[in-house]
Amino acid sequence: MRYARTLSAAVATVATGLVLLPVQAQAATGSVHLYKIYYDSPGTDSRSTASLNGEYVQVRNTTAKAVSLKGWTLVDASRHTYTFGTYSLGKGATVTVRTGKGTNTAANRYQGLTGYVWNNDKDTATLKKSTGAKVDTCSYNSAKVDYKMC
């Protein structure tokens with residue numbers, strides 16, 4: 001009787017482990033995805049560099065390795081498009097794509113625009129690979145807050 005209970009417990013443990021393994025393996029792979037859209041920059045919309053750069057989208061890499069974003073695009077609903085040049089997003093890193101002008105760094109990329117991209121009430125961000133394949137989308141429909149966590 002004791003042997004049968006031990007065997008049943010062992011089989012149940014193995015079966016549970018088999019069910020959990022694919023979920024754990026999937027979670028471990030991670031993704032490159034849209035993380036945050038700050039669509040209503042602080043203060044008045046003055047089109048100053050500071051105001052334009054207060055509007056941004058963050059892209060996060062939760063994979064275990066760096067990912068080349070060369071040729072990837074970030075597009076809004078009106079088809080304003082930012083294309084990443086030669087750029088590698090490190091494992092576990094986040095890059096902020098700002099609307100205005102500035103000097104590109106590992107943490108910040110600049111679109112170099114003189115007008116706003118992200119509507120203050122509703123819009124959709126789409127991240128695509130260089131092949132055009134959609135990676136992620138994030139939409140918002142609220143003027144009550146200034147940002148959206150994707």
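Treat the numbers as computed from the prediction; the structure is a model and nothing was measured.
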| task | Starting from the C-alpha separation in whole Å, work towards a yes-or-no answer on side-chain contact (heavy atoms from CB on, under 4.5 Å) for Lys101 and Thr114. | result | CA-CA 8 Å; Lys101 296 178 182 181; Thr114 57; 4.0 Å; yes
Mind checking what makes side-chain hydrogen bond (donor to acceptor under 3.5 Å, both in side chains) contact with [X], not counting sequence neighbours?
X: Tyr116; result: Ser51
X: Gln111; result: none
X: Asp45; result: Asn120
X: Ser46; result: Ser48

| Out of Asn61, Thr137, Thr62, Val59, which residue meets the side-chain contact (heavy atoms from CB on, under 4.5 Å) rule with His33? | Thr62
Indicate, with yes or no, if [Y] and [X] share a hydrophobic cluster defined by side-chain heavy-atom contacts under 4.5 Å among Ile, Leu, Val, Met, Phe, Trp and Tyr.
X: Met149; Y: Tyr38; answer: yes
X: Val117; Y: Tyr56; answer: no
X: Val75; Y: Tyr35; answer: no
X: Leu74; Y: Tyr147; answer: no

| request: Give a yes-or-no answer on whether the side chains of Thr94 and Gln58 include a donor-acceptor pair shorter than 3.5 Å. | output: no
[X] versus [Y]: any side-chain heavy-atom pair under 4.5 Å?
X: Asn108; Y: Asn104; value: no
X: Tyr39; Y: Lys148; value: yes
X: Leu69; Y: Val32; value: yes

| message | Checking one residue: Tyr110. Which other hydrophobic residues are in its cluster under the side-chain 4.5 Å linking rule? | response | none
| message | Minimum heavy-atom separation for Leu52 and Arg47, please, with both atom names. | response | CD1-O, 3.5 Å
| task | Heavy atoms only: give me the nearest Ala106-Val95 pair and the separation to one decimal. | result | O-CG2, 3.8 Å
| request: Measure the CZ-OG1 distance between Arg109 and Thr103 for me, rounded to the nearest 0.5 Å. | output: 10.5 Å
| Contacts of Tyr82 that satisfy ring-ring contact (aromatic ring centres under 6.0 Å, His included) - sequence neighbours left out | Phe84
Just grab all the disulfide (SG to SG under 2.5 Å) pairs involving [range], residues at least two apart or on different chains.
range: residues 41-97; answer: none
range: residues 42-123; answer: none
range: residues 49-114; answer: none
range: residues 89-150; answer: Cys138-Cys150

| query | Can you tell me if Tyr140 uses its side chain to pair, donor with acceptor, with the backbone of Asn119 under 3.5 Å? | reply | yes
| task | For Tyr87, look at atom OH and say whether over 12 heavy atoms of other residues, nucleotides or ligands are found less than 6.0 Å away. | result | yes
| query | If you look only at pairs with a residue in residues 70-81, which of them pass as a side-chain hydrogen bond (donor to acceptor under 3.5 Å, both in side chains), with sequence neighbours excluded? | reply | Asp76-His80
| Which pairs with one or both residues in residues 122-136 pass side-chain hydrogen bond (donor to acceptor under 3.5 Å, both in side chains), sequence neighbours excluded? | Thr124-Ser139
